[in-house]
**Student:** 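Shown below is the structure under consideration.
Owing to the predicted nature of the structure, the values given are computational and were not obtained by experimental measurement.
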Amino acid sequence: MNTPAATGAMTGLRVIDLTRVLGGPYCTQILADHGADVIKVEPPAGDEVRDWGPPFHEEDAAYFVGINRNKRSIGLDLASEGGRAVLMKMLETADVLIENFKPGTLDKWGIGNDVLRAKFPRLVHCRISGFGADGPRGGNPGYDAIIQAMTGMIAATGSPESGPMRIGVPLVDITTGLYAAIGILMALSERQRSGLGQFIETTLYETGLAIMHPHTANYFMHGKPPSLTGNEHPNLVPYAIFPTKTDNIFIGVGNDGTFRKLAKEIGKPELGTDPRFARNKDRIANRDALRAELAAVFSQHEAEPLCNRLLAAGLPAGPVQKIDQALTNPHTIHRGDVIEKDWYKGVASPIRLERTKPSLRRTPPKFSQHAAEVLGEFGYSRDEITGLVEKGVVCGPQRKR
């Protein structure tokens with residue numbers, strides 16, 4: 001079913017998106033889903049994740065498709081003076097500029113933040129970078145897995161048997177995009193009072209450190225780096241995967257009362273008062289013994305009925321599902337979490353506002369698909385657009401490879 005268009009919370013906001021890869025496009029898709037007019041400005045070779053496949057839809061990889069809906073695309077050579085002139089024209093009516101160029105690139109082109117601030121005082125300018133512009137790593141490139149490695153994330157992930165492991169989703173990139181979106185909204189809120197925009201810097205490195213909870217808090221408290229605990233939690237027990245007759249399940253217990261309730265629900269109320277397990281700190285000290293007790297019980301049940309019964313009792317439990325199971329789950333379908341339009345299918349925005357709902361208005365754009373449309377809105381005539389294309393300032397639908 002196609003999602004009907006609606007007036008979103010960000011309707012009327014114009015965003016010039018110079019970002020590529022993941023963090024920036026993820027940020028701008030959040031804004032676009034909620035009504036912002038996001039103009040994706042791509043280099044002549046296009047956003048490189050268009051090539052990060054298979055799988056592909058026509059020439060665009062699923063990696064690109066998944067984070068670029070509800071946007072319009074124009075290919076623009078910003079390394080040329082003519083391309084920068086077009087960008088400055090676009091910024092005249094823009095609310096937000098977001099980019100992830102290496103720090104110093106815009107300054108080299110003569111359109112650094114000082115220039116933008118003087119010319120467009122209401123503009124909110126957001127930069128995403130690996131490490132920021134200053135410091136020993138200032139200007140260095142940043143990649144999700146490298147930041148996972150450098151901020152302690154990989155060292156805290158995995159089991160003694162597996163060794164340190166990368167987290168299987170690009171958590172740092174995605175969370176950086178979320179922080180960038182939050183920062184943009186904060187700046188827009190402040191602009192309502194001051195009338196002025198401001199510069200926002202969001203880095204992968206700071207994001208990586210910021211989301212290392214509770215490991216940073218634990219370290220500040222006792223001075224010990226985390227050990228590899230696999231699926232176990234360093235601060236809570238039980239909080240782990242257990243096998244059943246059919247599939248694995250995950251059980252999470254956040255307090256002593258919940259544990260006693262769990263023990264009663266699985267027919268082992270004595271575990272809730274056992275001195276080895278009565279308090280969370282006791283369960284941590286005796287986690288292996290408790291795991292054996294619980295595993296013996298869970299092995300007698302099937303995963304889905306057991307989890308349904310525990311959830312109905314208010315206990316945190318869930319089957320360990322593969323992505324196909326998650327996307328076709330009855331709850332996923334009921335909540336409308338998968339959205340479709342024409343050939344496109346994706347996961348809906350998790351931000352559900354009562355009146356100003358997110359919507360799927362545009363499928364992810366082909367490279368420079370909207371160049372003529374966008375330039376026409378900024379006052380360029382058909383002949384001027386043709387001239388810009390002929391000069392290579394604006395790109396046609398074919399990328400330079």
Side-chain angles (χ1 to χ4, degrees), residues 1-20 22-42 47 64-74 90-100 120 122-126 128 173-193 195 197-198 200 202 327 332-366 369-370 373-374 376-378:
M1 177 183 293
N2 287 356
T3 303
T7 300
M10 296 290 100
T11 297
L13 187 77
R14 173 160 280 173
V15 179
I16 306 301
D17 179 7
L18 308 187
T19 65
R20 311 174 321 282
L22 180 51
Y26 193 87
C27 166
T28 54
Q29 181 169 277
I30 294 170
L31 302 176
D33 280 352
H34 289 269
D37 176 20
V38 175
I39 301 173
K40 183 177 179 67
V41 179
E42 301 187 56
D47 186 332
F64 173 87
V65 165
I67 51 173
N68 282 287
R69 66 183 176 227
N70 285 327
K71 305 176 188 180
R72 297 188 288 171
S73 170
I74 174 173
M90 295 167 70
L91 291 177
E92 290 178 2
T93 56
D95 297 286
V96 177
L97 169 68
I98 178 169
E99 43 97 0
N100 61 353
F120 311 111
R122 288 179 54 82
L123 182 69
V124 172
H125 174 194
C126 177
I128 293 175
D173 279 338
I174 287 173
T175 310
T176 302
L178 289 169
Y179 280 147
I182 293 168
I184 288 168
L185 296 177
M186 288 179 175
L188 290 171
S189 176
E190 193 277 339
R191 190 179 73 173
Q192 292 183 309
R193 299 191 299 274
Q198 57 185 304
I200 305 161
T202 306
L327 292 175
T332 301
I333 295 169
H334 174 82
R335 295 283 296 175
D337 293 329
V338 174
I339 54 176
E340 300 179 52
K341 183 177 177 65
D342 303 329
W343 58 268
Y344 172 84
K345 184 181 287 189
V347 175
S349 170
I351 306 169
R352 308 293 174 89
L353 288 83
E354 179 185 8
R355 291 183 295 99
T356 51
K357 301 181 184 299
S359 62
L360 175 53
R361 305 177 306 284
R362 297 176 181 269
T363 59
K366 304 300 294 180
Q369 177 182 345
H370 304 97
E373 174 186 311
V374 167
E377 291 178 7
F378 287 99

**Student:** Do the non-hydrogen side-chain atoms of Ile182 and Thr202 ever get within less than 4.5 Å of each other?
**Tutor:** no
**Student:** Going from OG on Ser359 to CG on Asn70, what distance comes out if it is rounded to the nearest 0.5 angstrom?
**Tutor:** 6.0 Å
**Student:** Rounded to the nearest 0.5 Å, how far apart are CD of Gln369 and NZ of Lys40?
**Tutor:** 13.0 Å
**Student:** Quick one: which residue pairs count as a salt bridge (Lys or Arg N to Asp or Glu O under 4.0 Å) with a foot in residues 173-188, not counting sequence neighbours?
**Tutor:** none
**Student:** Supply the atom-to-atom distance Lys71 NZ to Asp17 CG, rounded to the nearest 0.5 angstrom.
**Tutor:** 5.0 Å
**Student:** Using side-chain contact (heavy atoms from CB on, under 4.5 Å) as the criterion, list what pairs up with Ile351, not counting sequence neighbours.
**Tutor:** Ile30, His34, Ser349, Leu353
**Student:** May I ask you to say whether Arg362 pairs ionically with Asp37, meaning some side-chain N is under 4.0 Å from a carboxylate O?
**Tutor:** no
**Student:** Quick one: are Ile174 and Leu22 in side-chain contact, heavy atoms under 4.5 Å?
**Tutor:** yes
**Student:** Heavy atoms only: give me the nearest Ile128-Gly23 pair and the separation to one decimal.
**Tutor:** CD1-C, 3.9 Å
**Student:** Looking only at heavy atoms, what is the nearest atom pair of Arg122 and Gly195, with distance?
**Tutor:** CG-O, 3.2 Å
**Student:** Hey, what do you get for CD1 (Ile74) to NE2 (His370), rounding to the nearest 0.5 Å?
**Tutor:** 11.0 Å
**Student:** Is there a side-chain contact between Leu31 and Leu185 (heavy atoms, below 4.5 Å)?
**Tutor:** yes
**Student:** Determine the minimum heavy-atom distance between Leu327 and Val338, stating which atoms define it.
**Tutor:** O-CG2, 3.9 Å
**Student:** Sequence neighbours left out, what passes side-chain contact (heavy atoms from CB on, under 4.5 Å) with Gln198? Give chain and number order.
**Tutor:** Ala187, Glu190
**Student:** Quick one: closest heavy-atom pair of Asp47 and Arg20, and the distance?
**Tutor:** OD2-CA, 3.6 Å
**Student:** Write down the atom of Pro364, the atom of Val65, and the distance for their closest heavy-atom approach.
**Tutor:** CG-O, 3.3 Å
**Student:** Working note: Leu97 + Phe120, criterion side-chain contact (heavy atoms from CB on, under 4.5 Å); need CA distance, chi angles, decisive distance, verdict.
**Tutor:** CA-CA 11 Å; Leu97 169 68; Phe120 311 111; over 6 Å; no
**Student:** Apply ring pair (Phe, Tyr, Trp, His ring centres under 6.0 Å) to His125 and list each qualifying residue two or more places apart in sequence or on a separate chain.
**Tutor:** Phe199
**Student:** List the steps and the verdict of side-chain contact (heavy atoms from CB on, under 4.5 Å) for Ile184 and Cys27.
**Tutor:** CA-CA 9 Å; Ile184 288 168; Cys27 166; 3.9 Å; yes
**Student:** With rounding to the nearest 0.5 angstrom, report the OG1 to CD distance, Thr19 to Glu99.
**Tutor:** 9.0 Å
**Student:** Indicate the atoms forming the closest heavy-atom contact of Pro25 with Asn68, along with that distance.
**Tutor:** CB-OD1, 3.8 Å
**Student:** Could you check Thr11 against Thr356 for side-chain contact (heavy atoms from CB on, under 4.5 Å), going step by step and ending with a plain yes or no?
**Tutor:** CA-CA 9 Å; Thr11 297; Thr356 51; over 6 Å; no
**Student:** Distance from Tyr26 atom OH to Thr175 atom OG1, nearest 0.5 Å?
**Tutor:** 8.5 Å
**Student:** Would you say Val374 and Met90 make side-chain contact, with heavy atoms under 4.5 Å?
**Tutor:** yes
**Student:** What residue pairs, at least two apart or across chains, pass salt bridge (Lys or Arg N to Asp or Glu O under 4.0 Å) with a residue in residues 25-34?
**Tutor:** Asp33-Arg69
**Student:** Not counting sequence neighbours, which residues clear side-chain contact (heavy atoms from CB on, under 4.5 Å) with Asp95? List them please.
**Tutor:** Leu13, Arg14, Arg191
